[in-house]
Amino acid sequence: MEDQKPDDFKRELGLLDGTMLVVGSMIGSGIFIVSSDMVRQLGSAGWLIAMWVLTGSITVIAAVSYGELSAMFPKAGGQYVYIKEAYGKLVGFLYGWSFFAVIQTGTIAAVGVAFAKFAAYLYAPLSDKNILYEIGDFKLNAAQIVSIFTIILLSYINSRGVKNSKILQTVLTVIKILSLAGLIIFGFMAAKAEVWDANWTNAWTSQTLNVETGSWLPISGTALISGISAALVGSMFSSVAWEGVTFIAGEIKNPKRNVGLSLFLGTLIVSVIYILANFMYLAVVPLYEIATAESDRVAVVASQSIFGSVGTLIIAVMIMISTFACNNGLIMAGARVYYTMAQDGVFFKKAAELNKASVPAWSIWAQCVWASALCLTGKYGDLLDFVVIIVLIFYILTILGIFILRKKMPNAERPYKAFGYPFLPGLYLIIATAICIALLYTKTSTSGWGVLIMLIGIPVYYLTKAKE
């Protein structure tokens, strides 16, 4: 039956589908949770909004810069292809290796666990406190089973063809945008003037919360830089995965136009939603309560003050829809990278095959197995720190690649050129590099592990290459 397998992707996705994939992959659980820790780190309304505006600005700059590359290489594999073309096979492999080992699978695992955490609101036995099996130090809990089940279910849907996953993605993402917009609108309608005024009284006083004593300590200098970089982990993690649409360029109609446009529209929509959501939090929840929200669930606290006791359930359902759509987009996009790597001879050969539905099913299931294994480690919190540093390093390399490819391939067709080149891409490189250095300095243990995992790919590359 081998000869019946298609050897190329079907172009079935339009601009709306591409934009919904960007939005759906970006909005997971972060916006509902991370602002709590950001306030603990920096302690003021002004700094909180500044972090989200900075993150939104550099995300949109990066996305419009990627537009040039996506128009030059309108095929499956996206960012992996751009990095390989700019730096050669080894750096391309390091990206793919990091992507499979941590970036995509770690994110899928973390988002799956967030789904399970909020499912437990609706049905308590699904909680991570419900231990089902114990052997030595290893404990298997109900939340891990739920997260693995959702990853398997979504992998199955995606293995049946891009049409099913596209419809699911678009419908869930539209519901997600409307429900977030509703939460923001109702939040502003329920705004309390005294809360808003109090939150903005000392808008730029940087301080950190001592969790033990519950008191604020003023910070400046190195402590402030440390606070900013710790806060940015949250907003940056909430704003990654937008490049997923580049991975499925082989299935997008008129990719030279639509990939770049969906990157711009998607990141802009999400950045505006994120900034408005944080203004809404500041309008209904006192700063101290944002910082001390139980399990960092600031959206739950906000929703309870807007809708009363039913607010918790509203947020739980919203986050379940949000994380489900997020993982659908991540699972769909990720498999296309392993497919392209396998075609280049730097990943398992089986990953280069498409099934009868014209999708890389083997890649989807390999990703499913490893993401499920990461759910079982219980170390997904650390994985998020690992993810942010590696993602940033490869964003920097990709945008630097625009400068390299302009010299390397001066005559290549560029249907779209990076907006504001060289100033905006250059500005992104400076800001993102500064964030990376600050992260390595202030979160050496977790960020260092992230970089180490990436570098382990070098011997792996030469070992697998030698066997060819």
*Any side-chain hydrogen bond (donor to acceptor under 3.5 Å, both in side chains) pairs touching residues 419-430, not counting sequence neighbours?*
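For residues 419-430: none.
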*Step by step, work out the ring-ring contact (aromatic ring centres under 6.0 Å, His included) result for F348 and W362.*
CA-CA 10 Å; F348 300 106; W362 194 92; 5.7 Å; yes
Would you mind writing out the side-chain donor-acceptor pairs for residues 317-331 within the sub-3.5 Å range, not counting sequence neighbours?
| from | atom 1 | to | atom 2 | distance (Å) |
| --- | --- | --- | --- | --- |
| S322 | OG | I27 | O | 3.3 |
| S322 | OG | G28 | O | 2.7 |
| T323 | OG1 | I319 | O | 2.7 |
| T323 | OG1 | M320 | O | 3.3 |
| N327 | ND2 | I108 | O | 3.1 |
| N328 | OD1 | N158 | ND2 | 3.0 |
| N328 | ND2 | S165 | O | 3.1 |
| N328 | ND2 | Q169 | OE1 | 2.7 |

If you look at every heavy atom in [X] and [Y], which pair is closest and at what distance?
X	Y	value
P125	N130	O-ND2, 2.7 Å
L354	P360	CD2-N, 3.6 Å
M341	G96	SD-CA, 3.3 Å
A109	L374	CB-CB, 3.9 Å
G266	T19	N-CG2, 3.9 Å
I157	L168	CD1-CD2, 4.2 Å

Please check this pair: side chain of [X] against backbone of [Y], looking for a donor-acceptor N/O pair closer than 3.5 Å.
X	Y	result
Q144	N141	yes
S271	L268	no
S70	G67	yes
T150	S147	yes
N254	N258	no
N164	G161	no
S25	V22	no
K408	E85	yes

_Can you confirm whether the side chains of S235 and T55 place a donor and an acceptor under 3.5 Å from each other?_
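Yes, a side-chain donor-acceptor pair sits under 3.5 Å.
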_F247 ring center within less than 6.0 Å of F99 ring center_ =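 Ring-ring flag for F99/F247: true, centres closer than 6.0 Å.
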*Under 6.0 Å between the ring centres of W97 and F347?*
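Ring-ring flag for W97/F347: false, centres at least 6.0 Å apart.
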Under 6.0 Å from the [atom1] atom of [X], do we count more than 12 heavy atoms belonging to anything else shown?
X	atom1	result
Y121	OH	yes
I135	CD1	no
W370	CH2	no
R160	CZ	no

With rounding to the nearest 0.5 angstrom, report the [atom1] to [atom2] distance, [X] to [Y].
X	Y	atom1	atom2	result
L69	T246	CG	OG1	9.0 Å
Y274	L180	OH	CG	8.0 Å
L126	F118	CG	CZ	14.0 Å

By salt bridge (Lys or Arg N to Asp or Glu O under 4.0 Å) - contacts of [X] (at least two apart):
X	value
E294	none
E251	R336
R406	E68

*Please report the C-alpha distance between F100 and Y338 in whole Å, then the side-chain angles of each, then the deciding distance to 0.1 Å, and finally whether the ring-ring contact (aromatic ring centres under 6.0 Å, His included) criterion is met.*
CA-CA 8 Å; F100 183 78; Y338 322 130; 5.1 Å; yes
_Determine whether V81 and Y95 satisfy the following criterion, side chain to side chain contact (heavy atoms under 4.5 Å, CB included), listing intermediate values before the conclusion._
CA-CA 10 Å; V81 176; Y95 171 72; over 6 Å; no
Any side-chain heavy-atom pair from [X] and [Y] closer than 4.5 angstrom?
X	Y	result
M409	M72	yes
V39	V298	no
F419	S65	no

Please output the side-chain donor-acceptor pairs of residues 386-405 that fall under 3.5 Å, not counting sequence neighbours, one pair per line with the distance.
| from | atom 1 | to | atom 2 | distance (Å) |
| --- | --- | --- | --- | --- |
| Y395 | OH | W242 | NE1 | 3.3 |
| Y395 | OH | E243 | OE1 | 2.6 |
| T398 | OG1 | Y66 | OH | 3.4 |
| T398 | OG1 | Q79 | NE2 | 3.0 |
| T398 | OG1 | F394 | O | 2.6 |

*Are D296 and R40 ion-paired here, with the side-chain N under 4.0 Å from a carboxylate O?*
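A salt bridge links D296 with R40.
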*Chi angles and distances behind the side chain to side chain contact (heavy atoms under 4.5 Å, CB included) call for S98, I453*: CA-CA 7 Å; S98 307; I453 290 168; 5.8 Å; no
*Report the residue from K349, K84, K89 that forms a salt bridge (Lys or Arg N to Asp or Glu O under 4.0 Å) with D344.*
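Single salt bridge (Lys or Arg N to Asp or Glu O under 4.0 Å) partner of D344 among K349, K84, K89: K84.
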